[in-house]
Structures are given as C-alpha cells and as structure tokens.
Peer 1: 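Please read through the structure below; I'll follow up with questions.
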Amino acid sequence: MSTIIYVDMDYFFAACEELKHPELKGKQFVVGTSAFEDRMLKGVVQTCNYETRKLGIHSAMPLIEAFRIKPDLAYLPEDYEYYESTSKKIVDLLKSYGFRIEVDSIDEVAMEALDTSYDRALELSKEIKARINDRIGLPCTIGVSFGKTFAKMACDDAKPNGIKVLTEADVKDFLREKPVEELPGIGKKTGDRLRAMGFDTIGRLSKASAVALYGEFGEAGRYMFLIANGTETEKIVENEEAQSIGRERAVRLNPADRIEVESILGKLSGEVSAEAKKQNLLYKTVTLKVRYNDFTIHIKSMTLNHYINSVELLNETVLGLSRYIDATKEVNKIGVKVSTLVSMKGQNTLF
Ligand code: TTP
Ligand code: MG
Ligand code: MG
C-alpha cells in the first residue's frame, strides 16, 4: 500500500519575500501582479501572509480593493525567478527521500511513500517540515492520505503550518459537512450547478447516482462521485525528465499592435503544443517571457488546475498573460514555455 505525503508551502510568494527581506516578517503586505500602467488600478493580489489575511485580503483580490481595506498596505511586485529557484531547492530536498514524486505546482509536491504506515508517514512529515524550515527557512503544511486528492484536501484543512493524516476510516466524516465548492478543481460555476441540483455539501453529493453525475458533467462527474464517496485513490504521476518545453523568437514588436502580438504568440503556442504532443506530454504551467529593447525581462506564469494538451487552451492562457506586457516599450524577444509536465499515459485531463 502506498501513502501519499502532500506538501504545500504556506503563503509561498509572500514567504519568499520575507526570506529576502527579513524586516517584512510579521508585517502586513501583499505580493501582486505588477501591471504596468497603474498597478493599483489593474493588478491583483497574488498572495499575502496570514497576518494580512486577517484583514480579509486574499489571493486574486484586485489590488485596488486591498488598498481600500488598508491604504498604507506595503506592496511588492512578484519576483517569479526567485520563487522558481526556491521551489527547485524544495523539490531537490524532497527528492532526497527517494520516493516517487510529482511536482503539482510551484509550491506543491506529492510524494508516494510505498509500504508506509500512517504512523510512519506522520513521523516523516514532521521531519520534512523541520528540514524545509531549517534548510530553506520556509513554513509549509503537509497532508497525508491514501490518494493524492485526499492528501491535498487534508493539507488544505491543516493550513497554515500544520500536518493532517486522513485515513480511510475518517474520510467520510471529514467530507460530510464540507461545501461542494471544496471539491478540488470545482469552480464557482460548477458549484452553483451542483447546488441547483440540490447538493450543497459533499455528504449530500455522495448520495447522488454516479450515472446522473456522469450525465451532467462527463468525466468530471465520475471524479466527483469517487471523491464524494471517499473512494478516490489517485496515484501520483512522476514528472518527466524534461523540465519544460519552450520556443522563443527574436522580434521587433510593438506590443500595442495586438494583431501582431496575437499572431506571433499563436505561432509559438502552436510549436510548443506540437512538441508536447510529439513527446506525449501534458502540462500545467504556462509561462510568457518578454525581453524589452532596454533588455529588461518580464516573466509571467500561470499554473492551471488541470493538466492540458490543447493548443486552444494554451493559446488562450498565453494571450491572457500577454495583457501584462508593457505597451510603452518595444519588445525584442518573446517566448512561450510550458512546464510541470507529466506523461500522457495514465493521466486524466478532466476539464
Ligand atoms: P497557494 O498554495 O494556493 O497559496 P499560498 O501558498 O500563497 O498560501 P497557502 O498555501 O498558505 O494557502 O498558491 C501558491 C502561490 O501561487 C502563491 O503564493 C501565489 C501564487 N498564486 C497566484 O499568483 N494567484 C492566485 O490566485 C493563487 C491562489 C496563487
Ligand atoms: Mg501554498
Ligand atoms: Mg499551492
């Protein structure tokens, strides 16, 4: 039997900033997208520490709303390269345990502890938490369970700075009163549809017929049924050796010319997608990199909820990221990259 140990870093981007600027520790501040014109008007909060969350500020909130709540709020633009290099150190540390691992996003790793009892997994989790804290200087939360999805849900439940073990015997009670929106990968829209069908809690949803859910939501309905009944046992899928697939071009591009921008990004997305298909890989993280003619570099990334291999979805995501390009400067290099790769076989693309 394998036990999944799921690690998610606490307030990751903001915790990295506290590491860089120790004087920020315990202070209220946000890390936000640095939209170029007027970041207060356009940007969103990417994350903030738990002191700041007490004010009601959270990820994805417009920055202007955060500043309404606290006018003198400290603001830091994201430093994605630093977060990515910190993430790599964490992954390397976790790899040293010798288990198969899946890097699920920039701040999440699932480890498959083979033939490991829950007691032993709890001991290991305490050690992992202490090591990440000692060697990297960052806090995390760990969930332990019999499937990846439940390990992730246990982790969410133990936030922040906690450890939670969720066993087969506890899972039904754990799920019963949770709102359906807490099913992983369920957005507001699907949540509303489930509520309209009379399912407001995961416990209620477990009484639904699998056939009805499949009829309404397709593959995603099957997945919901398994989770609601506590029988989902998603295994981890090891990441491929290739860390990323990317294509870039030297250009002379005026970013205000949207037709030109969309045309070049469409081509790059097409090439990246074709290469991923050739290698039978799905991906979850999409990055747009731009170098301006003053040689400053702008990198924007997004991690999706699910692995994809669709050129349309890739292109849509890239175009979304391109809204952050500074239209007042000329661009002399532009690139599209996908990472967080898994092999196509044995992986579901649900949505
Ligand atoms: P999360 O793990 O969802 O959030 P978190 O690490 O900030 O906080 P916690 O896990 O303690 O609840 O996301 C990881 C990072 O991804 C986060 O630090 C910033 C980034 N992110 C965004 O840029 N936008 C978002 O809407 C979210 C949710 C996260
Ligand atoms: Mg996190
Ligand atoms: Mg996370």
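Order of listing sets the numbers, starting from 1, for every ligand and every atom in it. If you read the sequence from its start, that first residue is 1, and numbering goes on from there.
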Peer 1: Does Lys289 have more than 12 heavy atoms from other residues, nucleotides or ligands lying within 6.0 Å of its NZ?
Peer 2: no
Peer 1: Would you call Arg291-Glu248 a salt bridge at under 4.0 Å N-O?
Peer 2: no
Peer 1: Taking only non-hydrogen atoms of Tyr50, do any sit less than 4.0 angstrom from ligand 1?
Peer 2: yes
Peer 1: Can Glu127 and Tyr97 be said to form a side chain to side chain donor-acceptor pair (under 3.5 Å), step by step?
Peer 2: CA-CA 11 Å; Glu127 187 190 301; Tyr97 281 85; 2.9 Å; yes
Peer 1: Would you call Glu102 and Lys284 a salt bridge, using N to O less than 4.0 angstrom?
Peer 2: no
Peer 1: Once you restrict to heavy atoms under 4.0 Å, what part of Met302 touches ligand 1? Side chain, backbone, both or neither.
Peer 2: neither
Peer 1: Which residue from Ser59, Cys140, Ser301, Pro160 reaches closest to atom 26 (O) of ligand 1 through any of its heavy atoms?
Peer 2: Ser59
Peer 1: Quickly, which of Ile106, Leu138, Thr86 forms a side-chain contact (heavy atoms from CB on, under 4.5 Å) with Met9? Name it, please.
Peer 2: Leu138
Peer 1: Under 6.0 Å from the CG atom of Leu114, do we count more than 12 heavy atoms belonging to anything else shown?
Peer 2: yes
Peer 1: Using a cut-off of 2.8 Å, how many protein N, O or S atoms lie below it in distance from the Mg ion (ligand 3)?
Peer 2: 3
Peer 1: Check ligand 1 against Phe12 and write out every atom of the ligand that is under 4.0 Å from a heavy-atom position of the residue.
Peer 2: 5 (P), 6 (O), 7 (O), 18 (O)
Peer 1: Could you tell me whether Ala14 and ligand 1 have an N or O pair separated by under 3.5 Å?
Peer 2: no
Peer 1: Minimum heavy-atom separation for Glu232 and Phe146, please, with both atom names.
Peer 2: O-CE1, 3.7 Å
Peer 1: List the residues meeting salt bridge (charged side-chain N to carboxylate O under 4.0 Å, His left out) with Lys54, not counting sequence neighbours, and say none if there are none.
Peer 2: none
Peer 1: Determine whether Phe12 and Ser87 make a side-chain contact, defined as any pair of heavy atoms from C-beta on separated by less than 4.5 Å.
Peer 2: yes
Peer 1: Is atom 23 (O) of ligand 1 close to the protein, meaning a heavy atom under 4.0 Å from it?
Peer 2: yes
Peer 1: Less than 3.5 Å between some nitrogen or oxygen of Ile106 and one of ligand 1, yes or no?
Peer 2: no
Peer 1: Indicate whether atom 5 (P) of ligand 1 is within a distance of less than 4.0 angstrom of some protein heavy atom.
Peer 2: yes
Peer 1: Could you pull out the closest heavy-atom pair between Ala66 and Leu73, with the gap in Å?
Peer 2: CB-CD2, 3.8 Å
Peer 1: Can you list, pair by pair, the side-chain donor-acceptor contacts under 3.5 Å of residues 151-158, counting residues two or more places apart and other chains?
Peer 2:
from	atom 1	to	atom 2	distance (Å)
Lys152	NZ	Glu108	OE1	2.9
Asp157	OD1	Lys178	NZ	3.0

Peer 1: Considering distance alone, does some N or O of Phe13 sit under 3.5 Å from an N or O of ligand 1?
Peer 2: yes
Peer 1: Judged on heavy-atom distance to atom 29 (C) of ligand 1, which of Glu78, Gln46, Glu17 sits nearest?
Peer 2: Gln46
Peer 1: How is the hydrophobic cluster of Tyr11 composed, in terms of its other members, when Ile, Leu, Val, Met, Phe, Trp and Tyr link through side-chain heavy atoms under 4.5 Å apart, directly or indirectly?
Peer 2: Tyr50
Peer 1: Can you tell me if Met61 contacts ligand 1 (heavy atom of the residue under 4.0 Å from the ligand)?
Peer 2: no
Peer 1: Going by the atom numbers of ligand 1, which of them fall below 4.0 Å from some non-hydrogen atom of Lys159?
Peer 2: 9 (P), 10 (O), 11 (O), 12 (O)
Peer 1: Consider every N or O of Asp8 and every N or O of ligand 1, then say whether any pair is closer than 3.5 Å.
Peer 2: yes
